[in-house]
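Worksheet: the structure to be examined is printed underneath.
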Number of protein chains: 2
Amino acid sequence: MTPTRPGDLDPIDEAILRELAADARASYADIGAVVALSAPAVKRRVDRLRERGVVRGFTVLLDPAALGWETEAFIELFCHGSTSPATMRAAVDRYPEVVAASTVTGDVDVVVQVRARDMRHLEQVVERLAAEPFVARTRSTIVLSALVRRPDVPPPAP
Amino acid sequence: MTPTRPGDLDPIDEAILRELAADARASYADIGAVVALSAPAVKRRVDRLRERGVVRGFTVLLDPAALGWETEAFIELFCHGSTSPATMRAAVDRYPEVVAASTVTGDVDVVVQVRARDMRHLEQVVERLAAEPFVARTRSTIVLSALVRRPDVPPPAP
DNA sequence: GTTGAAAAGTAGCCTGA
DNA sequence: TCAGGCTACTTTTCAAC
């Protein structure tokens, strides 16, 4: 049983989000054709989903290699004492190479996902991260190949 | 020195991609105002970037929690012998909970990033992955908090 | 880059559950 | 009352030049 919170998405909202996930530039009329709603009705729902914060924005999906990002890695950070997440966030946010960063359970404190032009560039990023005052040591794992990469999507109907 | 391959992005393409990354539903006229190009000129460049495969598509950025994805984890897979990436990809692709998966260097073979409704759901996903014929064992790391999450963007000018 | 026709976005108004 | 359809007006797209 899913705890139906107030503000939960109805099935039509979910369908709209799936369409937008597949093509964020689809017209409201085209989306409406799929979900059986008029274009203005779709627009009103999308506007409301933006207001509610469910929709955070729209982006383009790019080929990282074409942008010059040839190398990808997970850099795990072991941090000193009790470094606050705010401190970690502020530090990691300054790196344009960082794609994602998360605090995690286990012996590692932070997992940082990084894209670099090449191994030399990656090495520099690792060294800079390792030199951050709150970082005790790092452990890096190079990505060999991306098997799957998907946007977040509403869960399939249960 | 960057090896200027034929087909490399020029600075205007990069600026256009940065605009689209920030708002994929921006009008060509608005993008043109930023990059000092007419709307049709921007459209032609975007069309060409799609043809070249630099632009793979457009998506919506959603709040995972609002979709019912409350739990996130890295599940590391240790695989038997020489399992082909194709096999791994096919297996992992069947899980709607999988957001990303990569083969990696080191003792682990695959890192799978997963979103689940809750811990119980996550546990089920781990068990199903562990039961895949090519998986010897798994190791899971729960995400406590997302510090940074960014779309791929052209590198800043060097 | 400019032009103009066709398509899409958008606000207001009306209707029915 | 609230969400959706309809209509009319504006903005954007997009192909030809």
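Proteins get letters first, then strands, A, B, ... in listed order; numbering begins at 1 in each. All of these numbers come straight from a predicted model, not from anything done at the bench. Quick note: numbers below take in every heavy atom, side chains included, and nothing from hydrogens, waters or symmetry partners.
In this structure, CZ of A:Arg48 is placed 18 Å from C1' of C:dT10, rounded to the nearest angstrom. Going from atom CZ of B:Phe58 over to atom P of D:dT13 covers 11 Å, rounded to whole Å. A straight line from CG of A:Leu49 to C1' of D:dA3 spans 14 Å, rounded to a whole angstrom. Atom P of nucleotide C:dG9 and atom CG of A:Leu20 are separated by 11 Å, given to the nearest angstrom. A:Ile12 has its CD1 atom 12 Å from the P atom of D:dA3, to the nearest Å.
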- Item | Verdict with supporting geometry, B:Glu97 and B:His121, side-chain hydrogen bond (donor to acceptor under 3.5 Å, both in side chains) | CA-CA 10 Å; B:Glu97 296 90 352; B:His121 183 194; 2.9 Å; yes
- At under 4.0 Å between heavy atoms, which parts of nucleotides 12-17 of chain C does protein reach? Answer with one letter per nucleotide, 5' to 3': B base, S sugar-phosphate only, - none. B-----
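Direction change of the helix axis from one end of the helix from C:dG1-D:dC17 to C:dA17-D:dT1 to the other is 30°, with five pairs defining each end axis (rounded to 10°).
Under the 4.5 Å side-chain contact rule for hydrophobic residues, A:Leu144 and B:Val108 do not share a cluster.
For the contact set between residues 24-38 of chain B and DNA chain C, defined by any heavy atom under 4.0 Å, the members are B:Arg25, B:Leu37, B:Ser38.
Between A:Glu14 and A:Pro154, the shortest heavy-atom contact is O-CG, 3.7 Å. Between B:Ser102 and A:Arg149, the shortest heavy-atom contact is OG-NH2, 2.6 Å. Closest approach of A:Arg56 and B:Pro64 over heavy atoms only: NH2-CD, 3.8 Å. Closest approach of A:Arg25 to B:Ala26, counting heavy atoms only: NH1-O, 3.3 Å.
Cluster partners of A:Val99, using a side-chain heavy-atom cutoff of under 4.5 Å among ILVMFWY residues and allowing indirect links: none. Apart from B:Leu61 itself, the hydrophobic cluster it occupies contains nothing, where clustering links Ile, Leu, Val, Met, Phe, Trp and Tyr at side-chain heavy-atom distances under 4.5 Å. Within the hydrophobic cluster formed by Ile, Leu, Val, Met, Phe, Trp and Tyr side chains joined at under 4.5 Å, directly or through other members, B:Val148 is accompanied by A:Ile75, A:Leu77, A:Met88, A:Val92, A:Tyr95, A:Val98, A:Val110, A:Val112, A:Val114, A:Met119, A:Leu122, A:Val125, A:Val126, A:Leu129, A:Phe134, A:Val135, A:Ile142, B:Leu147.
The shortest distance between the side-chain N/O atoms of A:Lys43 and the OP1/OP2 oxygens of C:dT10 is below 4.0 Å.
In this structure, a donor-acceptor pair under 3.5 Å is absent between the side chains of A:Arg89 and B:Ser145.
A heavy-atom distance below 4.5 Å is found between the side chains of B:Asp10 and B:Arg45.
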